[in-house]
Amino acid sequence: MKEYSPKEIEAKWQRIWEEKGLFKAKDFDKKPKFYGLIEFPYPSGAGLHVGHIRAFTSMEVISRKRRLQGYNVLFPIGWDAFGLPTENYAMKTNQHPRKVTDQNIKTFVSQLKRVGYSFDWDRTVDTTDPAYYKWTQWIFLQLFKRGLAYRSNTYVNFCENCKVVLSNEESQGGVCDRCGSPVIQKQKDVWFLKIRDYADKLLDGLEGLDFLPRVKTEQENWIGRSYGAEVDFPVTTGGALRVFTTRADTIFGVTFMCIAPEHPLIEENAAAIKNMAEIEAYREAARRKNEFERVQLQKDKTGVRIEGVSAINPLTGKEVPIFVADYVMMGYGTGAIMAVPAHDTRDYDFAKKYNLPIIQVIDGGEVNLEETAYTDIYNGTMINSDFLNGLPVKEAIAKMIDYIEAKGIGTRKVNYNMKDWAFNRQRYWGEPIPIVYCDKCGMVPVSEEELPLKLPDLEEYKPTDTGESPLSKVTDWVNCKCPKCGGAAKRETDTMPQWAGSSWYFLRYIDPKNNNALADPEKLKYWGPVDWYNGGMEHVTRHLIYSRFWNRFLYDIGAVPFAEPYKRRTAQGLLLGSDGNKMSKSLGNVVNPNECIDKYGSDVLRTYVMFIGDYERPAPWSDNSIIGCKRFIERVWRLPEIMNDEAGYSKKHTASVHRMIKKVSADYEATGFNTAIAAMMTFVNEVYADGFITKSELETLLKLLYPVAPHVTEEINEAIGNKTLIAESTWPEYDENHLVEDEVSIPVQILGKLKGVVKVARTASQEEVTDAILNGDLKSYFEGKTVVKVIYVPGKIVNFIVK
RNA sequence: GCCGAAGUGGCGGAAUGGUAGACGCAAGGGACUUAAAAUCCCUCGGAGGCGACUCCGUGCGGGUUCGAGUCCCGCCUUCGGCACCA
């Protein structure tokens, strides 16, 4: 065998596969379909990252395997190319974002091709292509027409550094997703998508999906459904203060009320409020606190009592004070709470600080209200609560809700943590929002025939300090005719967020060039839904929620034939630097895939990222360990040297081969890529130890390894005289009959401790096994002992209980 | 605070309740070589013993079981997610 030269053979096979068009997905093919999806990359200036390789290679392996298994496979690639980093980079280097994007895409294409991924390149999509975003805009119009896109003047997350409004999903932990600076609350007139209306559908839709449990749980927590009741507390100046509570059982323990600083009750009662100046000062201070400060100050509750207005407990008729307190959020529930300091830790802290009464209404084993609130809802019974007295908490909640509904004081209510999706960005490099403002007609959607509403070319597209979109300066674009009345009108100048284009790209792959629909319904029916989607955990409460929402909406309006877009979702662990830290330029621990391919070849790199560890867990890169994979590939490369069909039939080999087929096949399906590769290494070690391998055994190994290391396996396959490409062959099957060997080694335990191993025929009975042990090498262990009991698990283990 | 995952050699990591440490790296020894690289062979959790062997060992403390890394109870630690969510 000549020397292993990855550079040559990788280019060669990539060319051959492409010429043969082996990876093109065929619409309506008779074969069963498989749609494998990876999260399409953001084509950043930094180029492909080894993290991408780990994320993509799993679906690459599965896709190649599926083709051999006889599936018609759709494994596409595209570019999520709108967004701030490109725009920022373009500004820094003084180029147009379009140009930067095209350059970056070119780099990504060449890098991905070098890795040898079996994408169907004909179906590439680019979110910044007008032919693509025509349909992004179309979806927006459908949302708008059904009242699911609306404008609202309210407090929203805002990043002062990026000068942009952020959704809740983009500001998790109170910091900007992009730049990490703290997010502030800013009052703005903002576009929202009513994702909250889909909260139940998104939650209930999770059932039956094959998502990793942690993916499901994170989504459930993010959506955060809680069951409770809205209760009206009459206000002394008239009207009522409505609160949301999950603890209706504790209404008898209410000693004060709190409202969020933004709560309208203040304006409504301005005349009656005696300390307005104080309250205004408090509100102003609260407004200036950012999320970060609010979290830091969690323990330090503050508030101001509203003098002159009180609430009345609808059950006891007692008057309770109302406070403005910033631990109450306008964005959740009704922006007002009933405070039960005895049984809520936050209310407790507040009551302690402002010397408010604490009334215990639940009696539990270890209540010590001197130190903390008693919040256990599973233990404890009601006291001081009239008709609830003596009931366990859970029953009391149900009974109270029934009671207040009957009395007309309140109603049961479900609340969600998830907020509506803030949808517009004051930036240039995004999809224009297809809405026109007409003095006469108000907000008017651009007519669908006019789509795509193209992003105008701009020389100056820097974000402005006034918070206005750069597009607002393009007067001949902004000024337009009202699609409804034909009068003078102005265009919406904000653009959509980065997440828009990625919320439906998996649909476009199915029919990427369709100009009449986002995709042909028949093709959607054929290919959809995605069978297996792999991506990062960081997208679980971002992209994955958004895209499920859009797909579900499109399903509801009949544009898509399936309610849930992804049948199965897995997630790769982060690839860390060799120092165990997240790879980053500043730490200098970034591994460049190009350099790895130059040094070891793509097959070795691919093998290594799959072998590095548990696929779902973070793993540190190791320059040493990759050498192990290089050695393995080279050992495989040299196998033809010991290929020998004359060496004879070996039952042991056959069993090993079939065990390997079974293990590798199953492990690939379960993302156990590391153990699959280990099983192949074990086989190769065994074969070298025996000194020979048959041609058919080698062919089997090559096929099993092909999804991971396709180039080298094709080359060897050709070198041993095969005319058919592995890419065009079929996946090996194992035969259970070959898995079992005639003789098995049974571990022998005495009182649960391992003493040795006995070799017996596979079919041996317990008596035969016991005899073999008592008369064999291990018999000295039994001298002077009596065997009381024998536990024999056939073929597995035997344990003697002796005295 | 709440939710989730995990703690196994020097390292990455394997183990449907059934021989703990597969596979790989690193390390040590040897073969080949003028030498190096590459390759091949051996050793490789700890302690003891010349030795066949013995004892200890999967974060800690209990328990269930013939048998526990795996199951149960109680802790500790780390990581990830959410977070004044009422």
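So you know, we letter chains A, B, ... as the sequences are listed, proteins then strands, and number each from 1. Please read all numbers here as calculations on a predicted model, not as lab measurements.
- Side-chain N/O atoms of Tyr374(A) and Thr345(A) include no donor and acceptor closer than 3.5 Å.
- Between the side chains of Asn534(A) and Tyr615(A), at least one donor N or O lies within less than 3.5 Å of an accepting N or O.
- Inspection of the Glu170(A) and Trp499(A) side chains reveals an N or O donor paired with an N or O acceptor under 3.5 Å.
- Atom-to-atom, CD of Glu686(A) to C1' of rA22(B) comes out at 13 Å; the value is rounded to the nearest Å.
- Both Tyr688(A) and Arg542(A) lie close to RNA chain B; mapped to their nearest nucleotides by heavy-atom distance, the more 5′-ward contact belongs to Tyr688(A).
- Checking the phosphate oxygens (OP1, OP2) of rC56(B), a side-chain nitrogen or oxygen of Lys753(A) falls inside 4.0 Å.
- In this structure, Pro620(A) and Gly577(A) approach most closely via the heavy-atom pair CB-O, 3.7 Å.
- Put simply, Tyr781(A) has a side-chain N or O that comes within less than 4.0 Å of OP1 or OP2 on rU54(B).
- When the nucleotides rA15(B), rG80(B), rG18(B) are ranked by their closest atom to the side chain of Thr675(A), rA15(B) comes out on top.
- Taking 90° from 0 as the syn/anti boundary, the base of rG9(B) is oriented syn.
- Rounded to whole Å, the distance from CD1 on Ile797(A) to C1' on rA68(B) is 12 Å.
- Atom name P, nucleotides rG10(B) and rA5(B): the rounded distance is 28 Å, in whole Å.
- The same atom, P, is picked in rG7(B) and in rU54(B); the two are 30 Å apart, to the nearest Å.
- Backbone-only contact: Ile801(A) has heavy atoms under 4.0 Å from sugar-phosphate atoms and none from a base.
- If you check every strand for non-hydrogen atoms under 4.0 Å, Lys419(A) touches a base.
- At least one side-chain nitrogen or oxygen of Arg635(A) sits closer than 4.0 Å to the OP1 or OP2 atom of rC40(B).
- Spacing between rG57(B) and rG9(B) at atom C1', rounded to whole Å, works out to 11 Å.
- Within 4.0 Å of Pro213(A), counting heavy atoms only, lies no atom of the nucleic acid at all.
- Taking the six-membered ring for Trp and the full ring otherwise, Trp421(A) and Tyr546(A) have centroids separated by under 6.0 Å.
- For rG18(B), the base has a donor-acceptor partner in the side chain of Gln749(A) [N/O atoms by modelled type, under 3.5 angstrom].
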Verdict with reasoning, Asp232(A) to Arg242(A), per salt bridge (Lys or Arg N to Asp or Glu O under 4.0 Å):
CA-CA 4 Å; Asp232(A) 286 333; Arg242(A) 178 166 293 180; 2.8 Å; yes
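- At rA14(B), one or more side-chain N or O atoms of Asn674(A) fall inside 4.0 Å of OP1 or OP2 (strictly under the cut-off).
- Nucleic acid contact for Ser622(A): none, since no nucleic acid atom lies under 4.0 Å from a heavy atom of the residue.
- Considering only side-chain N and O atoms, Asn685(A) lies under 4.0 angstrom from the phosphate OP1 or OP2 of rG24(B).
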Under the rule of Watson-Crick or G-U wobble with both distances under 3.5 Å, where | means paired to another strand and [ ] a crossing pair, RNA chain B maps to (((((((..(((.....[....))).(((((.......))))).((((....))))..(((((..]....))))))))))))....
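- rA20(B) and rG67(B): their C1' atoms are spaced 14 Å apart (whole Å).
- There is a side-chain donor-acceptor pair under 3.5 Å between Asn157(A) and Asn168(A).
- When each of Ile612(A) and Ile791(A) is assigned the nucleotide of RNA chain B bearing its nearest heavy atom, the one mapping closer to the 5' terminus is Ile612(A).
- Contact between the side-chain N/O atoms of Ser226(A) and the OP1/OP2 oxygens of rA86(B) is found at a separation under 4.0 Å.
- Side chain Asn799(A) to base rC66(B): a donor-acceptor pair is found below 3.5 Å.
- Ring pair Phe350(A)/Tyr327(A) is tilted by interplanar angle, where 30° to 60° counts as tilted.
- The distance from atom CG of Asn221(A) to atom P of rC85(B) is 13 Å, rounded to the nearest whole Å.
- Atom CD1 of Ile627(A) and atom C1' of rA38(B) are 12 Å apart (whole Å).
- There is a side-chain donor-acceptor pair under 3.5 Å between Asn685(A) and Arg635(A).
- Distance Leu754(A) CG to rU54(B) C1': 14 Å, rounded to the nearest Å.
- Residue Arg638(A) has its side chain nearest to rC40(B) when only rC40(B), rU19(B), rC3(B) are considered.
- For an aromatic pair to be called close, the ring centres must be under 6.0 Å apart, and Tyr332(A) with Tyr416(A) fails this.
- Here, rG30(B) and rC44(B) have their C1' atoms 15 Å apart, quoted to the whole Å.
- Lys796(A) contributes a side-chain N or O that forms a donor-acceptor pair with the base of rU16(B) under 3.5 Å.
- When the C1' atom is compared between rU8(B) and rU58(B), the two are found 4 Å apart, to the nearest whole Å.
- Nucleotide rA14(B) holds its P atom 13 Å from the CZ atom of Phe673(A), rounded to whole Å.
- One interatomic measurement links the two molecules: CD1 of Ile633(A) to P of rG24(B), which rounds to 13 Å at whole-angstrom precision.
- The gap from the C1' atom of rG24(B) to that of rC32(B) amounts to 25 Å, rounded to the nearest Å.
- Of the candidate nucleotides rC84(B), rC23(B), rG18(B), rC23(B) has the atom lying nearest to any side-chain atom of Thr682(A).
- Phe244(A) places its CZ atom 16 Å from the P atom of rC84(B), with the value rounded to the nearest Å.
- For the P atoms, the distance linking rG63(B) with rG18(B) amounts to 23 Å, nearest Å.
- Checking the phosphate oxygens (OP1, OP2) of rA38(B), no side-chain nitrogen or oxygen of Arg631(A) falls inside 4.0 Å.
- The nucleotide whose nearest atom lies closest to any side-chain atom of Arg617(A) is, among rC25(B), rA6(B), rC85(B), rA6(B).
- Looking at heavy-atom distances under 4.0 Å, Asp614(A) makes contact with sugar-phosphate atoms alone, never a base.
- Here the side chain of Phe611(A) is nearest to one of rA14(B), rG81(B), rG24(B), namely rG24(B).
- Side-chain N/O atoms of Asp667(A) and Thr675(A) include a donor and acceptor closer than 3.5 Å.
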